[in-house]
K.L.:
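One structure is given below, represented as C-alpha cells, and several questions about it will come after.
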Amino acid sequence: MYGMKSKALYLIYIVPVLFLLSFAACDDMDDYSSDPKHTLWFSQDTLHMDTVLTGIPTSTRQLKVYNPHKKTLLISSIILADAGKSGFRINVDGIKGNQFSDIEIAGEDSLYIFVEATLPQRDNTNIRLIKDSILFQLNGIRQEVKLRAYAQDVFTFRGKVIEKDTLIASERPILIYDSISVAPDAHLTLAAGTRFYFHGKAGMQVHGRLSVEGTLSAPVVFRGDRTDRLFPYLTYDRLPGQWGGIRFLETSYDNHLVYADIHGGSFGIRCDSSKMDRRKLILESSIIRQVSGNGLELTSCQAVIGNCEISNAGENCVSLLGGDYTFTHCTLANYFSWNVRTGVALQVRNEQDDIAYPLSSATFRNCIIAGSGSDEINGGRSKNENIAFNYYFSHSLINSVKEENDRIVRVIWEKDDNFLLMDNRTQEYNFNLNENSKAISLGKKEDASAYPTDRNGKSRLQDKAPNAGCYE
C-alpha cells in the first residue's frame, strides 16, 4: 500500500511539471517570428574587395546582420555558397566555418559576420572577378549577400639573387619576399610596366647595376603588397613604411632609372659612399613619395637627378652628405603628415660624426623646395672651412631663409603652397602648380644643358613628368 501511494504522489507532482515544461517550450517557439515578411537587414548587400594579389590573405572585412523586428528571428541556415573554391572564408559571431544552422538574433539586435579571402592563382595575366555569396534561409525565404573581389595573379620571388645580366618584363606584378639583390657583376634591367610588390620589410639591394626603362604611361613601380584599405577613403598604398627601399651599395655604379615610381617604403633610394670619379646614379622623370625615412639619401657619390618629384618623407625628402650632385627641374616637397617629421625638404652636409665628407658640388637649377615648415633647408656645414661645401641655386622657388651671394641666382625665397591638391586626410597630393604659384615662368630653358641626354644626345626635358620643377 505504501508503495502504491508513493507512486501516485510522484505522478501527481510530475504531471504538472511536464505540463509546465511543455507549455514553456511552446512559449519559446512562439517567441520566434514565423512571419515571412520579417526579413533580415544587412549593412551592405554586396561586399566588395579591392584588387587582391592571389595567394595572399586579405584583411578582415565586416558584415553586420540586423533584426529590425521586435521578435527574435531564428535563421535556419547561413551558407557560404561556393565554399572551398572561391577562396572566401567567413566567421559567424566568432565561429569559423562554411555552414551554420539555427542562428538566433534577438529582436532589434544584430550579429557580425567576418569575411576574408585568399584567392587562388590561375596563371592569368588579366585581372579577373571572383564571385561568391552568403546565403541566409529564414522562414522559407532566402536572402543573399554577394561577395566580390578582383584577383591579380603574381609571380613570386623569395630571396631572389640576380647573378647575371637579366631583363625582367612582366605584365603581372612580381611579389617579393625576403628582398631581391643584384650581384656585383650583374646588370638587372626592368622593362616598362614592370611592378615590384614588396612583402613586409623586404627591399632591394644593388651591388651591381640597375636600369629602369619605364615610360610616362607605363612606369616601373616599386611599392608594398597591401592592396586593401585602412579606411574607406584611404588605401594602404598611401601609407609610408610598408616595405624597405632600394639601396645601391659601394660597388654599384652606372645605375639609370627612368620613369620609376617608388612609394610607401621605409626609405626611397639610398646610395652608399663610392668613388667620386664614376657616376653612381642618374634618376630622371621619376617619383619618390610617402616614405617614413629619407626619400633620396646620397652619401659621397656622384649623381644626376632630373625632372623628378621627391615628396612627403618622415625625415628628409633629399639628404646629401658630401659628393657631387646636380638637380634640374625637380620638386622637393615635404608635407608629411602621418606623424611628427624629423627632417626637411633638403638637407645638405659635409661632415658627420667628425668625419669629413667634402661637398664638391650641389647644384639646383629650376627647382621647387617646399614644405609645411617655415624653413625647408637644413645645412650642416663643418666648422673646418677647408672641407669643401659648394652649392649653387638658380631660377628656383625655395621655402627657406633668404641668402644672397654669387651662388644664388634668381631665387624666390618664399613659402608658397600653391599646388593643385594637398589632402592630408586621404593622402592625395598633386604637386603641379596652380595659377597662383610664383614658380610659374621662373624656369630657364638654358638650364636644360645640365640635364642628361639620351643615347642620341637629345635632352629628355620635353618629356616632363608631372610635378617637376618650375614650369616655363
Side-chain angles (χ1 to χ4, degrees), residues 33 35-69 73-122 124-154 172-173 197 224-239 425-428:
S33 171
D35 188 342
K37 294 180 180 179
H38 285 181
T39 56
L40 301 167
W41 289 3
F42 305 104
S43 56
Q44 49 199 314
D45 57 12
T46 302
L47 193 152
H48 292 279
M49 290 188 176
D50 297 319
T51 301
V52 176
L53 301 183
T54 56
I56 301 178
T58 66
S59 60
T60 302
R61 303 293 296 276
Q62 180 178 288
L63 173 70
K64 196 171 184 179
V65 183
Y66 298 90
N67 174 7
H69 314 289
L73 295 179
L74 182 64
I75 306 173
S76 302
S77 64
I78 300 176
I79 299 173
L80 184 62
D82 198 14
K85 297 180 181 179
S86 67
F88 283 98
R89 301 181 298 278
I90 60 173
N91 178 313
V92 177
D93 255 4
I95 302 174
K96 296 179 180 179
N98 298 323
Q99 185 168 343
F100 306 83
S101 59
D102 296 336
I103 305 297
E104 293 185 8
I105 306 183
E108 299 179 342
D109 202 352
S110 61
L111 65 81
Y112 286 97
I113 296 179
F114 301 97
V115 182
E116 297 176 343
T118 303
L119 304 183
Q121 181 121 337
R122 295 285 184 260
N124 196 323
T125 298
N126 298 322
I127 295 175
R128 64 188 190 279
L129 178 62
I130 304 295
K131 299 180 180 180
D132 206 338
S133 58
I134 306 174
L135 304 178
F136 300 81
Q137 194 75 23
L138 172 66
N139 294 333
I141 302 299
R142 195 184 85 165
Q143 293 180 263
E144 176 185 24
V145 173
K146 298 176 181 178
L147 305 178
R148 299 289 185 266
Y150 288 92
Q152 171 69 75
D153 287 334
V154 298
R172 289 195 230 168
Y197 286 60
D225 67 345
R226 292 292 298 267
T227 58
D228 51 332
R229 292 176 177 270
L230 179 62
F231 303 113
Y233 59 86
L234 182 62
T235 64
Y236 270 99
D237 192 40
R238 296 179 193 151
L239 272 68
R425 179 175 181 269
T426 64
Q427 294 297 310
E428 294 178 284

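Predicted, not measured: the structure shown is a model, and the values here were computed from it.
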K.L.:
Residues in ring-ring contact (aromatic ring centres under 6.0 Å, His included) with Y233, at least two apart?
P.N.:
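ring-ring contact (aromatic ring centres under 6.0 Å, His included) list for Y233, sorted by chain: F231.
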K.L.:
Suppose we screen for side-chain contact (heavy atoms from CB on, under 4.5 Å). Which residues come up paired with Y66, at least two apart in sequence or across chains?
P.N.:
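Here the qualifying residues are W41, S43, K64, S110.
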K.L.:
Within the 4.5 Å heavy-atom criterion, are L111 and V65 side-chain neighbours or not?
P.N.:
yes
K.L.:
Test of understanding: with side chain to side chain donor-acceptor pair (under 3.5 Å), list the residues that count as partners of D237, not counting sequence neighbours.
P.N.:
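Once residues adjacent in sequence are excluded, the partners of D237 under the side chain to side chain donor-acceptor pair (under 3.5 Å) criterion are R223, H263.
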K.L.:
Under the salt bridge (charged side-chain N to carboxylate O under 4.0 Å, His left out) rule, collect the residues that match up with D153, sequence neighbours excluded.
P.N.:
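D153 satisfies salt bridge (charged side-chain N to carboxylate O under 4.0 Å, His left out) with R128 only.
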K.L.:
For R172, what residues pass the salt bridge (charged side-chain N to carboxylate O under 4.0 Å, His left out) criterion, not counting sequence neighbours?
P.N.:
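R172: salt bridge (charged side-chain N to carboxylate O under 4.0 Å, His left out) contacts with D123.
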K.L.:
Which residue, V145, I134, T60, forms the side-chain contact (heavy atoms from CB on, under 4.5 Å) with V115?
P.N.:
I134
K.L.:
For residues 36-52, which residue pairs pass the salt bridge (charged side-chain N to carboxylate O under 4.0 Å, His left out) check, not counting sequence neighbours?
P.N.:
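Those involving residues 36-52 are D50-R229.
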K.L.:
Measuring only between side-chain heavy atoms, which start at C-beta, is H48 closer than 4.5 Å to Y150?
P.N.:
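H48 vs Y150: side chains apart.
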K.L.:
Evaluate the side-chain proximity of L234 to Q427: yes if any heavy-atom separation is below 4.5 Å, no if none is.
P.N.:
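Yes. Closest side-chain heavy atoms under 4.5 Å.
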K.L.:
Once side-chain contact (heavy atoms from CB on, under 4.5 Å) is applied, do any residues pair with H38, and if so which ones, sequence neighbours excluded?
P.N.:
S33, D35, H69, L73
K.L.:
Do S59 and D228 have side-chain atoms, one donor and one acceptor, less than 3.5 Å apart?
P.N.:
yes
K.L.:
Side chains of L230 and T235, heavy atoms from C-beta outward: is any pair under 4.5 Å?
P.N.:
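Not in contact.
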K.L.:
Just list the side-chain donor-acceptor pairs under 3.5 Å for residues 76-91, sequence neighbours left out, or say none.
P.N.:
residue: S86; atom: OG; partner: F88; partner atom: N; Å: 3.2
residue: S86; atom: OG; partner: D132; partner atom: OD2; Å: 2.5
residue: R89; atom: NH1; partner: T118; partner atom: OG1; Å: 2.9
residue: R89; atom: NH2; partner: E116; partner atom: OE1; Å: 3.1
residue: N91; atom: OD1; partner: G94; partner atom: N; Å: 2.7
residue: N91; atom: OD1; partner: I95; partner atom: N; Å: 3.0

K.L.:
Just to verify, what does T46 make a side chain to side chain donor-acceptor pair (under 3.5 Å) with, not counting sequence neighbours?
P.N.:
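Side chain to side chain donor-acceptor pair (under 3.5 Å) check on T46 returns nothing, list empty.
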K.L.:
Indicate every side-chain donor-acceptor pair of residues 96-108 with a distance under 3.5 Å to a residue at least two apart or in another chain.
P.N.:
residue: E104; atom: OE2; partner: Y32; partner atom: OH; Å: 2.2

K.L.:
So do the side chains of P36 and I141 get within less than 4.5 Å of each other, counting heavy atoms only?
P.N.:
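Touching, per the 4.5 Å side-chain cut-off.
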K.L.:
Sorted by first residue and then second, give each salt bridge (charged side-chain N to carboxylate O under 4.0 Å, His left out) pair with at least one member in residues 133-147; sequence neighbours left out.
P.N.:
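Residue pairs with at least one partner in residues 133-147: there are none.
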K.L.:
Do other residues, nucleotides or ligands put more than 12 heavy atoms under 6.0 Å from F114 CZ?
P.N.:
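Counting other residues, nucleotides and ligands, CZ of F114 exceeds 12 neighbours.
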K.L.:
Would you mind reporting whether L47 and R148 have side-chain heavy atoms less than 4.5 Å apart?
P.N.:
no
K.L.:
What distance do F136 atom CZ and L40 atom CG have between them, rounded to the nearest 0.5 Å?
P.N.:
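If I round to the nearest 0.5 Å, the distance is 7.0 Å.
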K.L.:
Walk me through whether I56 and R226 qualify under side-chain contact (heavy atoms from CB on, under 4.5 Å).
P.N.:
CA-CA 9 Å; I56 301 178; R226 292 292 298 267; over 6 Å; no
K.L.:
Only one of R122, Q121, Q152 forms a side-chain hydrogen bond (donor to acceptor under 3.5 Å, both in side chains) with T54, so which one is it?
P.N.:
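Of the listed residues R122, Q121, Q152, the side-chain hydrogen bond (donor to acceptor under 3.5 Å, both in side chains) partner of T54 is Q121.
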K.L.:
Which distance, rounded to the nearest 0.5 Å, do you find between the OH of Y112 and the CD of Q62?
P.N.:
5.0 Å
K.L.:
Taking only residues two or more places apart in sequence or in another chain, which ones pass side chain to side chain donor-acceptor pair (under 3.5 Å) with Q137?
P.N.:
none
